[in-house]
Protein chains: 2
Amino acid sequence: MEFTEAKAQFLQTWGALGSQWGINKTMAQIHALLMISPESLSMEEVMEELKISRGNASMNLRGLIDWGIVYKEYKPGERREYFVADQDVDSLARKIAIERSKREVKPALRVLEGVKNFDDDSSKEAQKFKKKTQELHDFVEKADTMLEKIINQKENWITKTIMKLMT
Amino acid sequence: MEFTEAKAQFLQTWGALGSQWGINKTMAQIHALLMISPESLSMEEVMEELKISRGNASMNLRGLIDWGIVYKEYKPGERREYFVADQDVDSLARKIAIERSKREVKPALRVLEGVKNFDDDSSKEAQKFKKKTQELHDFVEKADTMLEKIINQKENWITKTIMKLMT
DNA sequence: AATAAGTTTCACTTATTACTGAAACTTTCA
DNA sequence: TGAAAGTTTCAGTAATAAGTGAAACTTATT
């Protein structure tokens with residue numbers, strides 16, 4: 001396989017993977033592009049390379065900056081902004097995990113908390129409902145705690161975690 | 001909050017959570033409904049309760065069965081099929097994790113493997129590309145291994161994992 | 001302060017994914 | 001075996017999410 005082909009396939013696959021994980025295709029692709037690029041890129045260059053519109057590029061670059069995995073870079077004497085991706089894969093994954101917990105898990109927990117304390121009418125249905133929502137709440141809370149523990153092992157967290165789980 | 005309201009809100013939220021995690025809304029809702037239901041339900045009842053069409057109900061029930069988190073149940077003397085959800089939240093989560101790894105992570109790994117062994121033309125771009133794809137491949141592989149380790153602690157895996165990570 | 005280069009926004013279009021419902025098929029039992 | 005009850009499929013439709021591009025806005029420079 002040639003470099004150009006490999007690159008295209010990589011951008012393509014990473015984009016698809018991204019959309020399965022709640023990050024939209026373009027956002028994942030821009031991020032992938034910046035990661036493999038030896039120099040920082042301007043918005044123009046991103047648009048050109050991925051054949052996307054200005055609006056799309058702008059929105060998604062901003063999104064990536066919000067997620068904290070892409071940074072702006074200013075070159076001396078140049079007006080134009082350049083973009084760089086966080087080069088550390090570990091820290092990237094950590095940031096994504098934190099962000100998803102904040103955006104999805106935490107809100108779900110709040111709803112489960114509210115819902116499990118409904119006015120119990122002591123019917124069979126109500127009993128079962130109470131039991132299950134309680135269980136789900138506890139489970140989600142635990143899973144979230146686990147995620148936090150894993151990602152808080154600052155450096156090389158995956159390796160460290162695997163080591164711990166070896167026993 | 002009343003039972004009926006709590007139930008509606010729960011079904012609603014669980015559906016939304018599902019779609020963020022790659023399980024479509026209806027599928028997540030059917031699953032939620034079956035989980036909180038004290039009796040097994042027929043397809044008719046599911047359709048009725050969630051106000052969805054026969055086709056939709058059929059497709060998604062089948063999907064849930066494929067995921068291995070819902071089972072068919074036959075009542076003696078009755079022709080109709082009834083559906084029950086796996087009641088164990090731990091085993092449910094484990095099954096979802098296994099399935100997602102199989103469907104998403106493994107294929108992505110295969111592509112990364114192919115792509116990182118492209119014909120190197122020794123340009124700066126190619127060098128960087130090789131380095132990054134290698135890093136990403138190793139990372140994804142490690143993460144997947146970790147997931148496997150976690151879920152292989154058969155019983156109460158979340159609790160067990162947290163205990164291990166406590167140190 | 002005028003202008004030109006750069007950047008962002010947003011109403012609209014396109015693409016993707018999910019859902020409907022009628023028709024086809026299957027099973028059971030009289 | 002045929003008719004009724006039950007189940008599945010799938011072509012068409014609807015809902016949702018993503019992307020476009022021109023216009024508006026910002027900033028730096030003279």
Side-chain angles (χ1 to χ4, degrees), chain A residues 11-34 40-67 70-84 100 103-104, chain B residues 11-34 40-67 70-84 100 103-104:
Chain A
L11 292 176
Q12 168 56 38
T13 309
W14 206 249
L17 197 65
S19 37
Q20 279 163 337
W21 288 89
I23 296 152
N24 85 37
K25 196 184 89 198
T26 309
M27 203 185 269
Q29 284 186 336
I30 295 179
H31 179 258
L33 177 63
L34 291 175
S40 57
L41 301 177
S42 66
M43 194 184 288
E44 295 289 339
E45 287 167 322
V46 170
M47 289 164 55
E48 165 67 14
E49 188 86 44
L50 298 175
K51 304 273 180 284
I52 59 173
S53 71
R54 191 169 295 285
N56 199 9
S58 164
M59 297 286 234
N60 284 297
L61 277 167
R62 187 135 56 76
L64 287 165
I65 290 169
D66 289 348
W67 278 72
V70 160
Y71 313 106
K72 284 187 183 177
E73 200 178 73
Y74 298 94
K75 298 199 176 176
E78 283 227 51
R79 226 164 114 188
R80 180 184 296 222
E81 292 181 334
Y82 286 83
F83 300 89
V84 212
R100 292 207 70 182
R103 294 186 191 201
E104 293 159 20
Chain B
L11 291 177
Q12 167 58 39
T13 308
W14 206 250
L17 199 65
S19 36
Q20 280 164 340
W21 288 89
I23 297 151
N24 86 39
K25 197 184 92 200
T26 310
M27 203 186 269
Q29 284 186 336
I30 295 178
H31 180 258
L33 176 65
L34 291 175
S40 57
L41 301 177
S42 67
M43 196 185 286
E44 295 289 340
E45 287 167 321
V46 170
M47 288 164 56
E48 166 66 17
E49 188 83 46
L50 298 175
K51 305 271 180 289
I52 58 172
S53 71
R54 189 167 296 283
N56 199 9
S58 165
M59 297 284 233
N60 284 297
L61 276 168
R62 188 136 54 78
L64 286 165
I65 289 169
D66 289 347
W67 279 73
V70 160
Y71 313 106
K72 283 187 183 177
E73 201 179 72
Y74 299 93
K75 297 199 176 176
E78 283 229 48
R79 226 165 114 190
R80 180 184 296 219
E81 293 180 335
Y82 287 82
F83 300 88
V84 212
R100 291 206 68 182
R103 292 185 195 203
E104 293 160 20

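Per chain, numbering begins at 1; letters A, B, ... match sequence-line order.
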Engineer: Within this structure, what is the CD-CD distance for the pair B/Q29 and B/Q12, rounded to the nearest 0.5 Å?
Structural biologist: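 B/Q29 atom CD to B/Q12 atom CD measures 6.5 Å (nearest 0.5 Å).
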
Engineer: Under the 3.5 Å rule, do the base of C/dA5 and the side chain of A/R79 count as making a donor-acceptor pair?
Structural biologist: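 By the distance-only test, yes, there is a pair.
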
Engineer: Of the options C/dT8, D/dT8, C/dT20, whose atoms approach the side-chain atoms of B/S58 most closely?
Structural biologist: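 Looking only at side-chain atoms, B/S58 lies closest to D/dT8.
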
Engineer: For a quick check, tell me whether the side chain of B/R54 and the base of C/dT20 share a donor-acceptor pair closer than 3.5 Å.
Structural biologist: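 Between C/dT20 and B/R54, which were checked side chain against base, a qualifying N/O pair under 3.5 Å is absent.
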
Engineer: Base, sugar-phosphate, or nothing for A/N24, non-hydrogen atoms under 4.0 angstrom?
Structural biologist: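 Sugar-phosphate, backbone atoms only, no base.
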
Engineer: Could you tell me the separation between the CG atom of A/L50 and the P atom of D/dA18, rounded to a whole number of Å?
Structural biologist: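 One finds 16 Å between P of D/dA18 and CG of A/L50, rounded.
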
Engineer: Whole angstroms only, please: what is the CD-P distance between A/E81 and D/dT27?
Structural biologist: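 Roughly 10 Å, once rounded to whole Å.
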
Engineer: Could you check A/F83 against A/K25 and say which one's nearest nucleotide on DNA chain C is further toward the 5' end?
Structural biologist: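 The residue mapped nearer the 5' terminus is A/F83.
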
Engineer: In whole angstrom, what separates B/M47's CE from C/dA18's P?
Structural biologist: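 My rounded result for the distance is 20 Å.
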
Engineer: Rounding to a whole Å, what distance do you find between A/N56:CG and C/dA15:P?
Structural biologist: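 Roughly 14 Å, once rounded to whole Å.
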
Engineer: Round to the nearest Å and state the distance from A/K72 atom NZ to C/dG6 atom P.
Structural biologist: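 After rounding, the reported distance stands at 15 Å.
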
Engineer: With respect to the side chain of A/R62, which nucleotide from D/dG19, D/dT7, C/dT9 is positioned closest?
Structural biologist: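 Closest nucleotide to the A/R62 side chain: C/dT9.
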
Engineer: Can you confirm whether A/H31 sits close enough to A/F83 that some side-chain heavy atom of one is under 4.5 Å from a side-chain heavy atom of the other?
Structural biologist: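 SC-SC contact between A/H31 and A/F83 ruled out.
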
Engineer: First locate atom CG of B/L64, then atom OG1 of B/T26, and finally report the distance between them rounded to the nearest 0.5 Å.
Structural biologist: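 If we round to the nearest 0.5 Å, B/L64:CG and B/T26:OG1 are 10.0 Å apart.
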
Engineer: Hey, does A/Y82 have a side-chain heavy atom less than 4.5 Å from the side chain of A/K72?
Structural biologist: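 No, every pair of side-chain atoms sits at 4.5 Å or beyond.
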
Engineer: Remember a base hit wins even if backbone is also touched, and classify B/E44 as base, sugar-phosphate or nothing at under 4.0 Å, heavy atoms.
Structural biologist: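 Counting heavy atoms under 4.0 Å across all strands, no contact is made by B/E44.
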
Engineer: Heavy atoms under 4.0 Å, any strand shown: does A/T26 hit a base, just sugar-phosphate, or nothing?
Structural biologist: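 Sugar-phosphate, no base atom in range.
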
Engineer: Tell me which nucleotide, if any, is Watson-Crick or G-U wobble paired with D/dT30 when both distances must be under 3.5 Å.
Structural biologist: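 Base-paired to C/dA1.
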
Engineer: So, the side chain of A/E45 versus the backbone of A/S42: is there a donor-acceptor pair under 3.5 Å, distance only?
Structural biologist: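 Side chain of A/E45 to backbone of A/S42: a pair is present.
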
Engineer: Closest-nucleotide mapping onto DNA chain D: is A/M59 or A/G77 further toward the 5' terminus? I mean the 5' end.
Structural biologist: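 The answer here is A/M59.
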
Engineer: Please report the distance, rounded to the nearest Å, between CD1 in A/I52 and P in D/dT20.
Structural biologist: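 Checked: the CD1 to P distance equals 7 Å.
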
Engineer: What is the distance, to the nearest angstrom, from the NZ atom on B/K75 to the C1' atom on C/dT28?
Structural biologist: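 That distance rounds to 19 Å.
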
Engineer: Can you tell me the distance, in whole Å, between the CD atom of B/E73 and the P atom of D/dT7?
Structural biologist: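 In whole Å, D/dT7 P lies 14 Å from B/E73 CD.
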
